[in-house]
Number of protein chains: 2
Amino acid sequence: MTFTRAVSATNRLLDMLLPKDREQLLVNCEHMELNIGEVLYRVGDVIPHVYFPTGGFISLVASIDSTNLEVGLVGNEGMLGITLLLGVDTAPFTALIQGAGTALRISVSSFLRILEQSPELHRVLKRYLYVTMSQLAQTAACTRFHLVEGRLARWLLMSQDRAHADHFHITHVFLAYMLGVRRVGITKAANTLQQKKLISYQRGEIRVLDRAGLEAISCGCYKADKEIYGRIMG
Amino acid sequence: MTFTRAVSATNRLLDMLLPKDREQLLVNCEHMELNIGEVLYRVGDVIPHVYFPTGGFISLVASIDSTNLEVGLVGNEGMLGITLLLGVDTAPFTALIQGAGTALRISVSSFLRILEQSPELHRVLKRYLYVTMSQLAQTAACTRFHLVEGRLARWLLMSQDRAHADHFHITHVFLAYMLGVRRVGITKAANTLQQKKLISYQRGEIRVLDRAGLEAISCGCYKADKEIYGRIMG
DNA sequence: AGATGTATGTGTGCTGGCGAACAGAGGACG
DNA sequence: CGTCCTCTGTTCGCCAGCACACATACATCT
């Protein structure tokens with residue numbers, strides 16, 4: 001999956017911080033490339049780094065039996081590794097790079113050290129964790145009740161937000177994996193969206209043609225997620 | 001829903017604390033009855049109290065469109081209001097009393113005051129929050145992939161654990177509501193379980209006859225949840 | 001050009017769960 | 001005692017998504 005490189009290389013979470021805290025983090029961060037398909041860590045792994053995506057984005061995937069299901073998406077509006085706030089050093093989900101781009105990365109030890117020194121940083125990240133939890137529940141219900149077409153539209157919108165580009169690369173197989181449905185289900189839903197002129201795609205290149213139309217057809221969960229983020233993160 | 005009153009009126013979370021912290025909390029707590037069907041708070045409400053169930057238990061319910069879905073269960077192994085740790089005073093889920101019994105209740109202001117004074121209390125509760133998040137994801141996947149029969153078995157086991165009784169009262173309608181399926185689906189699944197001599201029920205009185213059998217038929221998520229709790233809470 | 005691999009489209013039959021509606025069966029209560 | 005109400009059982013048609021299988025299109029590499 002290759003995204004047009006995002007232009008704005010900022011992370012909204014970092015932007016919210018006091019300049020002092022942001023600097024503290026930034027000097028300890030290294031820039032890195034997020035390469036599609038790479039697994040940053042799996043459930044139960046000890047987390048080595050925290051990531052603040054600036055361009056790319058990352059899926060949080062829950063595994064069950066031998067299937068998988070995406071339960072969250074982390075882009076430049078958030079961070080990967082937020083559960084370290086809770087004093088547990090292992091990953092609750094598998095983290096899989098979905099959208100190529102860049103991220104800032106910091107070691108867990110540095111991260112925790114800076115975290116201890118800054119109540120304000122702590123405050124912001126705790127609120128982000130709250131948002132993550134809320135969205136987890138939202139996604140659970142969405143996955144249960146909503147049809148593939150609406151869920152696909154939601155996914156495309158969320159990804160577009162995080163990719164900061166109107167087109168990106170992802171195959172039906174992969175989408176099926178994320179949404180926990182068969183590939184054929186995606187093919188049909190994607191076809192419908194294309195016929196409605198909301199998107200266009202060919203061999204993995206997906207282009208969003210009509211955001212408003214997509215929002216209309218997507219389940220309300222897209223808006224609900226944004227609303228939660230806005231309300232809590234301000 | 002009326003449970004045989006639980007005999008052991010303890011809360012595992014409280015039991016894990018240092019005696020000092022536990023005392024601090026207990027002196028600020030009041031005993032109260034949990035009455036079936038009562039809503040302690042709804043999504044978005046400002047949380048007035050934190051609850052440590054000792055006998056009864058509470059459902060965390062996510063609402064979407066006009067349907068609902070249980071996304072978590074809080075019994076004497078946990079607490080209701082854990083998200084207050086994150087510095088947000090509103091509820092991310094609706095909290096609905098599922099199993100009659102007792103709970104210890106403390107005002108949010110007292111709770112937060114004590115929390116600030118005790119790093120150890122903080123430590124334990126953060127870990128519990130981590131468990132809650134993990135189970136949220138587990139439940140999301142379970143709800144997506146597993147069949148009603150297995151999910152019902154899981155629910156019964158979880159409830160039995162929290163009710164500390166081998167029988168309790170809950171109707172098919174209510175179970176349907178919790179699992180996000182039709183009542184008829186529950187009726188059929190419950191019938192199957194009964195024919196297999198795993199449970200018996202009549203007019204809402206459900207009795208677990210064969211725990212091991214239920215565990216075998218339930219989806220792996222029951223065990224997964226216990227495993228996570230055990231691993232993180234120790 | 002040919003060969004191989006990847007991505008998408010289509011078809012057939014199956015099933016779990018849905019919506020709606022109705023029938024009995026047991027309690028509760030006047 | 002009869003009446004109402006709650007809880008459970010059953011039926012019918014329907015559909016989204018499933019499993020499996022195969023066909024076509026494009027891309028890339030030799």
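In what follows, chains carry the letters A, B, and so on, assigned in the order in which the sequence lines appear, proteins first and then strands, with residues in each chain numbered from 1.
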TODO: Send over the distance from A:E205 CD to D:dA25 C1', rounded to a whole Å.
DONE: 17 Å
Task: Residues which pass side-chain hydrogen bond (donor to acceptor under 3.5 Å, both in side chains) with B:R105, listed by chain and number, not counting sequence neighbours - done: B:E30
Task: Along DNA chain C (nearest heavy atom to each residue), the more 5'-positioned of A:A190 and A:R144 - done: A:A190
- [ ] State which residues pass ring-ring contact (aromatic ring centres under 6.0 Å, His included) with B:Y201; sequence neighbours excluded, sorted by chain then number.
- [x] B:H172
Task: Short side-chain N/O contact from B:N191 to OP1 or OP2 of D:dG9, under 4.0 Å - done: yes
Can you name the atoms? Protein N/O to nucleotides 21-23 of chain D N/O, anything below 3.5 Å, with the distance.
none

- [ ] Using salt bridge (charged side-chain N to carboxylate O under 4.0 Å, His left out) as the criterion, list what pairs up with A:R154, not counting sequence neighbours.
- [x] A:D225
Task: Euclidean distance, atom CG of residue B:L193 to atom P of D:dT8 [Å, nearest integer] - done: 14 Å
Open item on the list: Categorize B:G204 for me: base, sugar-phosphate, or nothing, with a 4.0 angstrom heavy-atom threshold over every strand shown.
Closed with: sugar-phosphate
Task: Pairwise salt bridge (Lys or Arg N to Asp or Glu O under 4.0 Å) hits with a residue in residues 184-204 of chain B, at least two apart - done: B:E149-B:K196
Open item on the list: Rounded to the nearest 0.5 Å, what separates atom CD in B:Q202 from atom OG in B:S200?
Closed with: 7.5 Å
Task: Under the salt bridge (charged side-chain N to carboxylate O under 4.0 Å, His left out) test, residues paired with A:R183 that sit two or more places apart - done: none
Open item on the list: Once you measure the plane-to-plane angle for A:F174 and A:Y177, does it fall in the parallel (<30°), tilted (30-60°) or perpendicular (>60°) bin?
Closed with: parallel
Which pairs, protein N/O on one side and nucleotides 4-6 of chain D N/O on the other, fall under 3.5 Å?
from	atom 1	to	atom 2	distance (Å)
D:dT6	O2	B:R203	NH1	3.3
D:dT6	O2	B:R203	NH2	2.7

Open item on the list: Let's see if you can work this out: which of D:dC20, C:dC18, C:dT10 has an atom nearest to the side-chain heavy atoms of A:T187?
Closed with: C:dT10
Task: Rounded interatomic separation in angstrom, taking NE2 from A:H146 and C1' from D:dC15 - done: 17 Å
Task: Side chain of A:H172 (C-beta onward), nearest among C:dT8, C:dG19, D:dT8 - done: C:dT8
Open item on the list: Could you work out, with salt bridge (charged side-chain N to carboxylate O under 4.0 Å, His left out) as the rule, every residue matching B:K226, not counting sequence neighbours?
Closed with: none
Task: Listed partners of B:R12 passing side-chain contact (heavy atoms from CB on, under 4.5 Å), at least two apart - done: B:N76, B:E77, B:Y229
TODO: In whole angstrom, give the distance that lies between atom OH of B:Y201 and atom P of D:dT8.
DONE: 7 Å
Task: Length of the line joining B:F145:CZ and D:dA16:P, which is rounded to integer Å - done: 19 Å
Task: Separation between CG of A:N11 and OH of A:Y51, rounded to the nearest 0.5 Å - done: 14.5 Å
- [ ] Check salt bridge (charged side-chain N to carboxylate O under 4.0 Å, His left out) between B:R211 and all other residues, then give those that pass, not counting sequence neighbours.
- [x] B:D161, B:E215
Task: Partners meeting side-chain contact (heavy atoms from CB on, under 4.5 Å) with A:R42 (sequence neighbours left out) - done: A:V39, A:D45, A:T94
Task: DNA chain D contacts made by residues 60-72 of chain B, counting heavy atoms under 4.0 Å - done: none
Task: Length of the line joining A:L179:CG and D:dA16:P, which is rounded to integer Å - done: 17 Å
Open item on the list: What is the distance, to the nearest angstrom, from the NZ atom on B:K188 to the C1' atom on C:dG17?
Closed with: 8 Å
Task: Position toward the 5' end of DNA chain D (nearest nucleotide), A:Q202 or A:R182 - done: A:R182
Open item on the list: Closest approach to the side chain of B:L147, judged atom by atom: which nucleotide of C:dG16, C:dG9, D:dG17 is it?
Closed with: C:dG16
TODO: Starting at atom CZ of A:F174, determine the distance to atom P of C:dT6, rounded to an integer number of angstrom.
DONE: 15 Å
Open item on the list: Between A:G180 and B:Q194, which residue's closest nucleotide on DNA chain D lies nearer the 5′ terminus?
Closed with: B:Q194
